[in-house]
Protein chains: 2
Amino acid sequence: MDVEKVPTSLMASLQSLGYKATAPRKAIADLLEQKHQGFTAEALSEELPSVSRATVYRNIKLFIEAGVVCRLTLMDGSHVYSVSRTDHHHHHYVCMDCGKVEEFRASAVEQFVRSIAAELPGQVVDHRIELYVACDRCPAEQAG
Amino acid sequence: MDVEKVPTSLMASLQSLGYKATAPRKAIADLLEQKHQGFTAEALSEELPSVSRATVYRNIKLFIEAGVVCRLTLMDGSHVYSVSRTDHHHHHYVCMDCGKVEEFRASAVEQFVRSIAAELPGQVVDHRIELYVACDRCPAEQAG
DNA sequence: ATAGAGACGATAGAAAGTATCAATATGGAT
DNA sequence: ATCCATATTGATACTTTCTATCGTCTCTAT
């Protein structure tokens, strides 16, 4: 289990895909840089009243496409988004109470996926692993 | 990786929780017994025009509560439901093409989850593992 | 400075699921 | 077998989350 920080700015990652550096986009990127909890699209939109809701949704999609934001599914089926701090394939655990999201990598999982894949007909195209936790320090960690 | 069939009827599983055996409920249960692909709530509703959409949704929730139906999240974030054929804790793989859902158990995964849990602050409350596959035999397997 | 692709805001609409509530059906008690 | 309390249903309105449309505006390459 390890995580490597990749400090490239979120805006830069969109620009490298050819997307323009517009003001609303920068505002979203700047806000995302601060985020260390999972967030809903709606909440993000509310934090940026100067940016149209449609634009917030559009850009979340682009950030996901660029690989710098991930969408998680909570136990109730709702979605939260999380800024990715690593370049590498990884999975997430989410605190059900404070919304904090952490990334992990574990070769054991990937190995398991490969071994399952070998037993199945066809190809394993992708996989998703999510852990839902109740972190001990929630009350102390409520922040952006 | 193994699967144990539990042939108890879906209706019986609701009745054992104290829910009544109504005609719409039976119709839903009967249809579910046939299902070997994942399905959306909407599609199920369309297959049962004699049952109100609200009743279909309500009962899917009850079947999930009873542990005989599971909700999966596809890669695009949409939800499909799948009839569970086992009593035991398990995970799923879904064919992205034909919608077929299979259950698997693998002690390696559970062991991994325990080992991750040991490294985290707090408790791992739950976990979800989903594999997305493209099964070789899709065209031959399109059926209810 | 300009032009054209890309992006934006505003708003309407789609998709998926939930709430409300009057009418009905079920299952246990009699 | 009948009755009754309560669970359940259907119809519909509503909510939430997200997408499409479209006319206008803004980047960025030249």
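By convention in this document, chain letters (A, B, ...) are assigned in the order of the sequence lines, proteins followed by strands, and residues within each chain are numbered from 1.
- Relative ring orientation between A:F39 and A:Y81 is described as tilted, the plane-to-plane angle lying within the 30° to 60° band.
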Counting primed atoms, P, OP1 and OP2 as sugar-phosphate and everything else as base, the B/S/- map of nucleotides 4-17 of chain C against protein heavy atoms under 4.0 Å is BBSSBBBB----SB
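- Here D:dT17 presents its C1' atom at 17 Å from CG of A:L72, a figure rounded to the nearest Å.
- The CD1 atom of A:I64 sits 9 Å away from the P atom of D:dT19 (whole-angstrom rounding).
- Counting only distance, with no hydrogens or angles, the side chain of A:R71 and the backbone of A:I64 share no donor-acceptor pair below 3.5 Å.
- We find that NZ of B:K26 is positioned 13 Å from P of C:dA25, with the value rounded to whole Å.
- Using five terminal pairs a side, the axes of the helix from C:dA1-D:dT30 to C:dT30-D:dA1 at its two ends make an angle of 30°, given in steps of 10 degrees.
- Side-chain N or O atoms of B:H88 include none that pairs as donor or acceptor with a backbone N or O of B:T86 at under 3.5 Å.
- Using a 3.5 Å distance cut-off with no hydrogens or angles, the side chains of B:E130 and B:T73 do not pair a donor with an acceptor.
- Residue A:E42 holds its CD atom at 4.5 Å from CZ of A:R53, rounded to the nearest 0.5 Å.
- Nearest heavy-atom pair, A:H92 versus A:L72, reported as atom, atom and distance to 0.1 Å: ND1-CD2, 3.2 Å.
- The side-chain heavy atoms of A:Q34 and A:E47, taken from C-beta on, include no pair separated by under 4.5 Å.
- Rounded to a whole Å, the CD atom of B:E65 is 13 Å from the P atom of C:dT18.
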Which donor-acceptor pairs under 3.5 Å do side chains of residues 120-127 of chain B form with protein atoms, sequence neighbours excluded?
{"residue": "B:H127", "atom": "NE2", "partner": "B:H89", "partner atom": "NE2", "Å": "3.1"}
{"residue": "B:H127", "atom": "NE2", "partner": "B:H91", "partner atom": "NE2", "Å": "3.1"}
{"residue": "B:H127", "atom": "NE2", "partner": "B:E110", "partner atom": "OE1", "Å": "2.9"}

